[in-house]
Each structure stands twice: as structure tokens, then as C-alpha cells.
Q: 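Handing you this structure, nothing more for now.
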Amino acid sequence: MADQQISFHPTLAVEAVFEQVKPLQDQLAQIASILEPIGQLSELGNVFEPLRQFGTQIKELAKLLEPMRSFQDQLRQVLNQFGPLQALDQELDQLSEGFCQSLSSLATALEPAVTLQDRLAHLANAFEPAKTLREDFSALAQGFERSSQGLSAQA
């Protein structure tokens with residue numbers, strides 16, 4: 001047995017140690033293929049600024065229409081006495097209903113964006129360890145790089 005020497009192959013030893021993370025590296029490589037659609041999602045996010053501006057305008061319009069609603073409330077108190085004003089009341093109702101339906105439709109249209117935001121927040125939390133792990137592994141690699149450079153400089 002003393003005659004048999006076991007030869008040590010550093011490259012094979014390192015490969016054996018890191019073999020367990022090969023499937024994980026393949027999964028991590030898939031992340032790169034997802035970056036382009038995420039970039040497209042980022043571009044879609046540009047829709048919110050015009051919507052914010054529109055929202056500001058609608059809020060201003062709502063403030064201007066508030067006296068109309070007060071007028072309509074007062075008008076309803078005298079509708080029994082002035083029947084012809086009932087048509088005006090109906091028109092004001094239609095105007096308010098139209099605004100309400102349009103704003104509700106807009107709010108409903110934003111639901112997928114809100115759901116996406118929730119999922120992205122969850123995803124961001126799930127990927128948070130990636131930064132720390134990358135920094136840790138990079139620091140370890142630099143440590144091995146320095147020690148191997150020191151050894152080759154001594155040789």
C-alpha cells in the first residue's frame with residue numbers, strides 16, 4: 001500500500017466541491033434571460049407620469065364641480081315645486097355618473113399594475129440575499145486571488 005500513491009488533482013477537487021451548486025448556477029443563468037422583459041416592464045412604467053398629471057387635473061376639476069353638487073342638492077329640495085328643473089337634475093346626475101364610471105374604469109385598469117407592484121416587491125425581497133451572497137463570494141474570490149498571487153510571486 002505504501003507503493004501506491006494517491007495523486008491529488010486540485011482542479012478535480014475544486015470541481016467536486018462546487019458540483020453541488022451546478023444546478024443552482026443553471027437556475028441563476030435563467031435570471032439573465034428575464035432581464036430584457038423586466039426592462040420592457042420598466043418602460044411601461046412611464047405611463048404613470050401622464051396618469052399622475054391627469055389625476056391632478058381631475059382633482060382640480062372635482063373641486064370646481066363641488067359647488068355643482070351642492071347646487072344639485074339644493075335643487076332637489078325644490079323639484080316638486082318646479083317640475084321643469086327635473087331635466088336639469090337628471091343631466092347633472094348623468095354627468096356625475098359618467099365621471100364616476102370613468103374613474104372606476106381607470107381604477108380597475110390600474111389593478112394589474114398594483115398586483116405587479118406587489119409581486120415585484122415580494123420578488124425584490126426574495127432576491128435580496130443575492131447582493132450579500134455576491135459580495136461575500138467576490139470577497140472570498142479576491143482573498144484566494146491574493147493568496148495565489150502571493151504564492152506565485154514567492155516561487
Side-chain angles (χ1 to χ4, degrees), residues 11-150:
T11 305
L12 293 176
V14 170
E15 286 177 9
V17 169
F18 284 91
E19 189 64 32
Q20 62 186 336
V21 295
K22 273 284 190 211
L24 301 175
Q25 286 178 304
D26 294 340
Q27 288 178 331
L28 289 171
Q30 290 177 345
I31 293 172
S33 67
I34 295 172
L35 290 177
E36 184 178 334
I38 288 176
Q40 293 170 346
L41 280 175
S42 295
E43 290 175 21
L44 286 174
N46 294 334
V47 72
F48 296 112
E49 185 53 36
L51 275 175
R52 255 188 233 105
Q53 292 172 357
F54 177 75
T56 301
Q57 293 170 342
I58 289 296
K59 286 177 186 175
E60 292 298 318
L61 181 58
K63 287 178 189 174
L64 292 173
L65 293 177
E66 191 58 40
M68 178 196 73
R69 294 183 72 185
S70 297
F71 168 73
Q72 188 177 13
D73 289 341
Q74 293 172 355
L75 178 66
R76 285 187 176 150
Q77 294 174 7
V78 294
L79 279 181
N80 292 338
Q81 297 168 359
F82 300 101
L85 292 178
Q86 197 157 15
L88 176 60
D89 182 53
Q90 289 174 350
E91 288 178 9
L92 293 174
D93 272 346
Q94 289 173 353
L95 178 69
S96 292
E97 188 176 316
F99 268 96
C100 179
Q101 287 176 353
S102 294
L103 289 171
S104 293
S105 294
L106 186 55
T108 300
L110 287 166
E111 284 179 16
V114 171
T115 300
L116 178 63
Q117 180 190 24
D118 291 343
R119 288 185 179 174
L120 287 173
H122 178 73
L123 188 61
N125 286 334
F127 277 80
E128 190 60 36
K131 266 185 200 172
T132 305
L133 289 169
R134 183 194 63 192
E135 291 168 1
D136 291 348
F137 291 142
S138 292
L140 287 169
Q142 287 176 356
F144 276 97
E145 183 179 354
R146 283 190 206 115
S147 66
S148 68
Q149 286 176 352

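Values reported hereafter were calculated over all heavy atoms of this structure, with side chains retained and with hydrogens, waters and symmetry mates removed.
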Q: Pick from Leu65, Leu88, Leu92: which one makes a side chain to side chain contact (heavy atoms under 4.5 Å, CB included) with Gln72?
A: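 Of all the options given, the one that passes is Leu92.
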
Q: Measuring from Arg119:CZ to Gln117:CD, what's the distance to the nearest 0.5 Å?
A: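 Rounded to the nearest 0.5 Å, the CZ-CD separation comes out at 13.0 Å.
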
Q: Taking C-beta and beyond as the side chain, do Gln27 and Leu24 meet within less than 4.5 Å on heavy atoms?
A: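 A side-chain contact exists here, since the closest heavy-atom pair is under 4.5 Å.
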
Q: Can you tell me how far CG of Leu35 sits from OG of Ser42, rounded to the nearest 0.5 angstrom?
A: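 Output value for this atom pair is 10.0 Å.
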
Q: For residues Glu97 and Gln101, is any side-chain donor paired with an opposing acceptor at under 3.5 Å?
A: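 Their side chains do contain a donor-acceptor pair, which is all the 3.5 Å distance test asks for.
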
Q: Please check if the side chain of Ser33 supplies one atom and the backbone of Gln30 the other of a donor-acceptor pair under 3.5 Å.
A: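 It does hold such a pair.
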
Q: Quick one: pull up CG in Leu79 and CG in Leu75 and give me the separation to the nearest 0.5 Å.
A: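 If I round to the nearest 0.5 Å, the distance is 4.5 Å.
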
Q: Heavy-atom count check: over 12 atoms from other residues, nucleotides or ligands less than 6.0 Å from Glu49 CD?
A: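 Counting other residues, nucleotides and ligands, CD of Glu49 exceeds 12 neighbours.
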
Q: Using atom types as modelled and distance alone, determine if a side-chain donor or acceptor of Asn46 lies under 3.5 Å from a backbone N or O of Glu43.
A: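 Checking the backbone N and O of Glu43 against the side chain of Asn46, a donor-acceptor pair under 3.5 Å is found.
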
Q: Measuring from atom CG of Asp118 to atom CG of Leu123, what distance do you get when rounded to the nearest 0.5 angstrom?
A: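 Atom-to-atom, Asp118:CG and Leu123:CG are 12.5 Å apart.
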
Q: Take atom CD of Glu36 as the centre, draw a 6.0 Å sphere, and report whether it contains more than 12 heavy atoms from other residues, nucleotides or ligands.
A: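 Count not over threshold, so no.
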
Q: Inspect the contact between Lys22 and Glu19 and indicate whether a charged nitrogen and a carboxylate oxygen are less than 4.0 angstrom apart.
A: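 Looking at Glu19 and Lys22, the cut-off is not met.
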
Q: Should we say atom CZ of Arg76 is surrounded by more than 12 heavy atoms from elsewhere, each under 6.0 Å from it?
A: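 More than 12 heavy atoms, drawn from other residues, nucleotides or ligands, come within 6.0 Å of this atom.
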
Q: What's the spacing between Asp73 CG and Arg69 CZ if we round to 0.5 Å?
A: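 Between Asp73 CG and Arg69 CZ, I get 7.5 Å after rounding to 0.5 Å.
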
Q: Using a strict cut-off of less than 4.0 Å between a Lys/Arg side-chain nitrogen and an Asp/Glu carboxylate oxygen, indicate whether Glu60 and Lys63 qualify as a salt bridge.
A: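 Looking at Lys63 together with Glu60, the answer is yes, because their closest N to O distance falls below 4.0 Å.
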
Q: Report the distance from atom CG of Leu95 to atom CD of Glu91, rounding to the nearest 0.5 Å.
A: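 Between Leu95 CG and Glu91 CD, I get 9.5 Å after rounding to 0.5 Å.
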
Q: Would you mind reporting whether Ile58 and Leu106 have side-chain heavy atoms less than 4.5 Å apart?
A: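 Contact flag for Leu106/Ile58 side chains = no.
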
